[in-house]
Colleague: 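My questions will all concern the structure given below.
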Amino acid sequence: MKPVRRSTQPTRDVVRTLLEAERPMHGFEVARTAERPAGTAYNVLSRLEEAGHVTAAWEAKNPVQGRPPRRFYELTPDGAEWARELLAQEARNLSRPGLRPSTNPEGDLA
Amino acid sequence: MSTSLWVLIIAPILLMLKKLTKLAPGAARVVVIFGARCIPDRIERACRRAEWEAGILEVPGSLTKLADAISLVAVYLPRSWARYGFPVGHGHQLRKAAFAVLDYQMARVLTTEERNCHWNTQVSFSADSKGVSIGSRAFYALWEWHIEFENAGIARCFYEMAKEAHRMQASRLILEMAEPDYDPCYMSPQFYEMLRQTKRFGCVRIQLFINAN
């Protein structure tokens, strides 16, 4: 089990999506909701799964004729705790004076 | 330009688009299957193939399916190769796989005893004596030459490792680097030098493991 050491913006977006979802979601749905390319979302999901923050389960065999079963992802209880901490840390970082986005339309140099 | 000429230009384009719209879902499926086949890890390959095939059907629109499939493969595969190894060439299917672990940071921070102890623990995961030999030679090369990762000397080290791996008929060389924030996708100069050297000596593939512990 490899802990997730780097929390990039796509990681946080995917984590937020999973945290806010009230049901397990499949990969493309996660990507669509997080507004990230599917390739990015799947990479993040792989890392989260390796770290044990996310579990994945296949849906029942042949739920729809001609379509392979989908794989649904959801945060584990520990993963949810980690996700809350990660997002809280992000919020704290944004609230620090030096990292707050500029509201000055002329830019920071004005 | 006369109207008939416009019709002659636009009509084939429209017909091609219509045809492409019909072919796009099938092409998207082919793209994701092909993409999944390029994933180095066998279990993940099977998993992703089924997952992507099912997922791409959920994307609305024919051309969007194809665009999503292409972007999925284009974004996912480089990262997947970075995690599991970059295929360097397909010319050889060598008989025996060797397993080598190089914990670079270990060489820098531990004492000799600690290093040997750690090294023995690492190589105990390997059942292949060739891998141990390759790994230890590479490791001692780093240790003795005092090669810093950021220095240009890394190319020389990789050169020696690749040469040794080739001599041992290793099919893969695994580097484990204890740089938690090091993303292999961004280490282009050193990494491509390694790839270049390895390709020269005919190794089948390199695996670069980033130790996140």
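The sequence lines fix the lettering, A, B, ..., with proteins before strands; numbering per chain opens at 1.
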Colleague: Quick one: does C47(B)'s side chain get under 4.5 Å of W58(A)'s, heavy atoms only?
Modeller: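 C47(B) reaches W58(A) side chain to side chain.
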Colleague: Which one of E51(B), E58(B), E53(B) satisfies the salt bridge (charged side-chain N to carboxylate O under 4.0 Å, His left out) criterion with R70(A)?
Modeller: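 Result: among E51(B), E58(B), E53(B), E58(B) is the only option passing the salt bridge (charged side-chain N to carboxylate O under 4.0 Å, His left out) with R70(A).
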Colleague: Just wondering, more than 12 heavy atoms not from R32(A) lying within 6.0 Å of its CZ?
Modeller: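 Enclosed.
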Colleague: List the steps and the verdict of side-chain contact (heavy atoms from CB on, under 4.5 Å) for F28(A) and L72(B).
Modeller: CA-CA 10 Å; F28(A) 275 84; L72(B) 168 66; 3.8 Å; yes
Colleague: Does any heavy atom of chain A fall under 4.5 Å from the side chain of V73(B), the backbone, both, or neither of them?
Modeller: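 Looking at V73(B), nothing touches chain A.
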Colleague: Could you tell me which non-hydrogen atom of P69(A) sits nearest to which non-hydrogen atom of A54(B), and how far apart they are?
Modeller: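 That would be O-CB, 3.8 Å.
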Colleague: Quick one: closest heavy-atom pair of V75(B) and N43(A), and the distance?
Modeller: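 Minimum heavy-atom separation between V75(B) and N43(A): O-ND2, 3.6 Å.
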